[in-house]
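Order of listing sets the numbers, starting from 1, for every ligand and every atom in it. Just so we're clear, the structure is a prediction, and the values are computed from it rather than from any experiment.
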Amino acid sequence: MKTKTGPDTPRLSGLPSGEMATQWNLYAETVEQAPVAISITDDRANILYVNQSFTETTGYASWEIIGCNESMLSDRQTPVAVYQSLWNTILAKKTWNGCLINRHKDGTRYLAELTIAPIVDADGKTTHYIGMHRDITEVHNLEQQVKNQKNLIETVFDSMPVAAVLLNASLEKVLANRMYHILAQELEYDTPARLFIAILKNDLAGSWEKLRLTTGSFKNHEVRIDQGGHLPARWFECSGNWFIHDDTLDSFFGEPGENYLLLTLSDITRQRKHEESIRINAMRALIAEEEKTRSVREAIQGAIHHIHGPLNQLSAARKLLGRRADTQENQALLGIFDQIIVASQNSISQLEGCMPASLSHADESININQLLHETIVVLTDRLLAGGIVVEWKPAAVLPILIGKEYPLRSAFKHIIENAIDAMNEAATFKRELKIATRADNNAIHVTIEDSGPGLSPDLHIRAFEPFFTTRKNDKRGRHSGMGLAMAQEIINQHLGIIQFDPDYQEGCRVNLQFSLTPSGQQQQGLFNHG
Ligand code: FAD
C-alpha cells in the first residue's frame with residue numbers, strides 16, 4: 001500500500017517476506033491498534049479492512065462490514081453537496097477533511113470527523129482509499145453548549161439596561177453592549193470607557209491600582225459629565241469588577257491569565273436632574289434671602305461710611321480747637337464738639353447693632369462646574385431677557401474645591417450679573433457671555449467674559465474698593481459698589497484671586513484662580529469630571 005504522500009509504505013496486496021514482513025507486521029499492528037477508526041476501501045468505497053477502533057466506534061465487527069460500502073455508515077442526513085465535495089476532492093487525488101453524520105449499528109447517530117486520503121499505485125492511479133474518523137459528538141455537543149451559552153450571555157449582555165463594556169489589561173475594549181454603543185453616539189465619544197476610566201482613576205486615586213491587582217471591585221461611583229455648549233450635564237453611576245480570565249494557550253500549563261475589567265455605566269441623569277431642579281428652587285429662595293440681608297447690610301455699611309466722613313473731619317477740627325482751648329467760648333465749642341462726636345459714635349454703634357448677621361455656611365466639596373452651571377440656570381431669565389448668548393465651556397476634568405458653596409455662588413452670580421448689566425446698559429449689538437473653566441497642577445481657572453463696553457484699565461483695581469461704582473444706584477439699591485468687594489473677599493477666603501484681564505479688548509474679562517494647596521489638602525486627591 002502506498003499513500004500519495006508516503007511512497008515507501010507497503011502495498012496492501014503482495015505480502016512481503018523476511019525483514020519486510022516484520023516491518024509489515026509492525027505497520028499492520030499499528031494500524032490495527034491505532035486509537036482512531038481506520039478503514040481501507042477500494043476505489044468505490046467498498047470496505048476491505050477495518051481496525052479495532054472502527055468496530056468500537058461504529059458497532060460493526062469487521063466480518064459484518066467488510067465488503068459493504070462506506071455509505072452503510074451514513075445516517076442520510078448529511079447534505080448531498082458534502083458528499084459531492086468529498087468525492088470531487090478525493091477523485092482529484094487530494095485528502096478530504098470534514099464532518100459527516102453517521103449511524104451506529106445500534107441506530108444511534110454520531111458526528112464523525114473524517115479524513116479520507118487516496119492511495120495511489122506506481123502509475124499514479126488511485127487504487128484504494130484510507131478513511132480515519134473519530135466520534136466527536138460529545139465534543140460537538142460541548143462546543144454547541146458553549147456556543148449557546150455564549151449567545152445567551154451576549155443576548156443578556158446586550159439587553160442590559162445599563163451601558164457595559166469589557167476591557168482587557170491594556171484597557172482596550174473587548175466586548176461592549178448595545179447601550180454602550182448608544183452612549184458612545186450620545187456623548188460623541190468613540191471610546192467613552194477611556195473618558196470614564198480617566199475620571200475614575202483620578203477619583204479612586206491609589207485604590208484603583210489596588211483594586212486592579214487584587215481583582216477587586218467598586219460600586220456605584222457617581223460621575224458627572226459636563227459636555228458644555230448646548231449639551232446638558234449627565235450623571236452616571238459607575239461600577240467595575242476586575243477578574244482574571246485566559247483564553248490563550250499560556251494558561252494551559254498554569255500561566256496566570258489576563259486581567260479584565262467589566263465596567264458598567266448606569267445613567268442616573270433623570271434622577272439627578274429632578275434633584276437639581278429641587279435644589280435650584282431652594283437655592284433661588286436662599287439667594288433672595290441672602291440678597292435681602294446683603295442689601296440691608298450694605299445700606300447700613302453705607303450709612304456708617306457716610307457718618308465716618310464728617311465725623312473724621314469733626315474730630316480733626318476738635319483737635320485743632322483743643323490746642324486753642326484758652327477762651328471760654330472755645331471751651332464751650334469743644335463741649336459741643338464732644339457731644340456731637342459722642343452722639344455720632346453712638347449712632348454708629350446703634351447702626352452696627354442693627355446690622356443683620358450674614359448666614360453661616362459649612363465647608364463642603366464643591367464642583368465649580370456645577371456651581372457655575374447652576375448660577376447660569378438661576379440667571380436664565382435675565383440672560384434671555386437681555387438676548388445674551390451664553391457660551392459655556394467647562395473643563396473635562398476639574399478638581400474638587402473644599403469651600404462654602406453659597407458665598408461662592410453669590411460671588412459668581414455677582415460677577416455674571418455685572419457682565420449682564422454692562423451689556424444691557426451699553427446696548428451692544430453683540431451680546432455674548434463666555435464662561436470657561438480649566439485646571440492645571442496648580443490651580444482651577446475660571447474666566448467670565450462679556451462683549452460689553454469693558455472697564456478702563458485705571459479702574460481695574462479701584463473696582464474692588466468698597467462703595468466704588470461706575471453706575472447709578474437703582475431703586476432696589478443695587479450698584480452700591482459693594483458687590484465686587486464682597487466677591488473678592490469670598491474668592492480670597494477660598495485661596496483664590498480675582499482680577500480684570502488687562503489684555504482683553506473685546507469687552508470685559510474677569511479671571512479667577514483658585515490655588516490648589518501644595519499638600520493637596522483642598523482637593524483631598526479627589527477629582528470630579530466637569
Ligand atoms: P452515493 O451515491 O454513494 O454518493 C453521493 C454522491 O457522492 C454522488 O452524488 C456522487 O457525486 C458522489 N460519489 C459517490 N461515490 C462516488 C464515486 N465512486 N465516484 C465519484 N463520485 C462518487 N460516508 C458516510 O456517510 N460516512 C462515512 O463514514 C464515510 N466514510 C467513507 C470513507 C471512505 C474511505 C470513502 C472513500 C468514502 C466514505 N464515505 C462515507 C462516503 C460514502 O462512500 C458515500 O459516498 C456516502 O455515504 C453517500 O452515500 P449515498 O449512498 O448517500 O450516496
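A salt bridge links Lys150 with Glu154; the closest basic N to acidic carboxylate O contact falls under 4.0 Å. Ion pair Lys273/Glu276 not flagged as a salt bridge, since none of the NZ, NE, NH1 or NH2 atoms sits closer than 4.0 Å to an Asp/Glu carboxylate oxygen.
Distances from atom 44 (C) of ligand 1 to the heavy atoms of Ala37, Ser74, Ser71 put Ser71 nearest. With Trp87, Tyr110, Tyr129, Trp96 as candidates, the residue nearest to atom 13 (N) of ligand 1 on a non-hydrogen basis is Trp87. Considering only non-hydrogen atoms, atom 11 (O) of ligand 1 lies nearest to Gln84 out of Gln84, Met132, Arg76.
For ligand 1, the atoms sitting less than 4.0 Å from at least one non-hydrogen atom of Asn69 are 43 (O), numbered in the order shown with element in parentheses.
Remark: minimum distance from atom 25 (O) of ligand 1 to any protein heavy atom is reached at Tyr83 OH, 2.9 Å. At the top of the distance list for atom 24 (C) of ligand 1, counting protein heavy atoms only, stands Leu100 CD1, 3.5 Å. For atom 20 (C) of ligand 1, the nearest non-hydrogen atom of the protein is Leu91 CD1, 3.3 Å. Protein heavy atom in closest approach to atom 30 (N) of ligand 1: Glu70 OE1, 3.3 Å. Among protein heavy atoms, atom 37 (C) of ligand 1 sits closest to Ile116 CD1, 3.7 Å.
Contacts between Asp75 and ligand 1 below 4.0 angstrom, taking non-hydrogen atoms only, are absent altogether. Counting heavy atoms closer than 4.0 Å to ligand 1, residue Leu114 contributes side-chain atoms (C-beta onward) but none from N, CA, C or O. The proximity of Ile101 to ligand 1, defined as any non-hydrogen pair under 4.0 Å, does not occur for either the backbone or the side chain.
The nearest protein heavy atom to atom 16 (C) of ligand 1 is closer than 4.0 Å. For atom 4 (O) of ligand 1, the nearest protein heavy atom lies 4.0 Å away or farther.
The minimum heavy-atom distance linking Asn241 with Ser217 is given by the pair OD1-CB, 3.4 Å.
Judged purely by distance below 3.5 Å, without hydrogens or angles, the side chains of Asn102 and Asp75 never pair a donor atom with an acceptor atom.
Both the sub-6.0 Å distance and the 45° axial angle are satisfied by Arg409 relative to the ring of Tyr406.
Judged by distance alone, the side chain of His104 and the main-chain N or O of Asp106 form a donor-acceptor pair under 3.5 Å. Counting only distance, with no hydrogens or angles, the side chain of Thr115 and the backbone of Asn97 share no donor-acceptor pair below 3.5 Å.
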Exercise for review: I would like to know whether Glu70 and Ser39 meet side chain to side chain donor-acceptor pair (under 3.5 Å); could you show each step before the answer?
Suggested key: CA-CA 9 Å; Glu70 293 272 10; Ser39 59; 2.6 Å; yes
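For the side-chain contact (heavy atoms from CB on, under 4.5 Å) test, residues two or more places apart in sequence or in another chain that qualify with Thr437 are Ile368, Asn369, Leu372, Trp392, Pro394, Ala395, Leu398, Val446.
The shortest side-chain heavy-atom distance between Phe218 and Leu211 falls under the 4.5 Å cut-off.
At under 3.5 Å, a nitrogen or oxygen of Asn102, whether backbone or side chain, sits near a nitrogen or oxygen of ligand 1.
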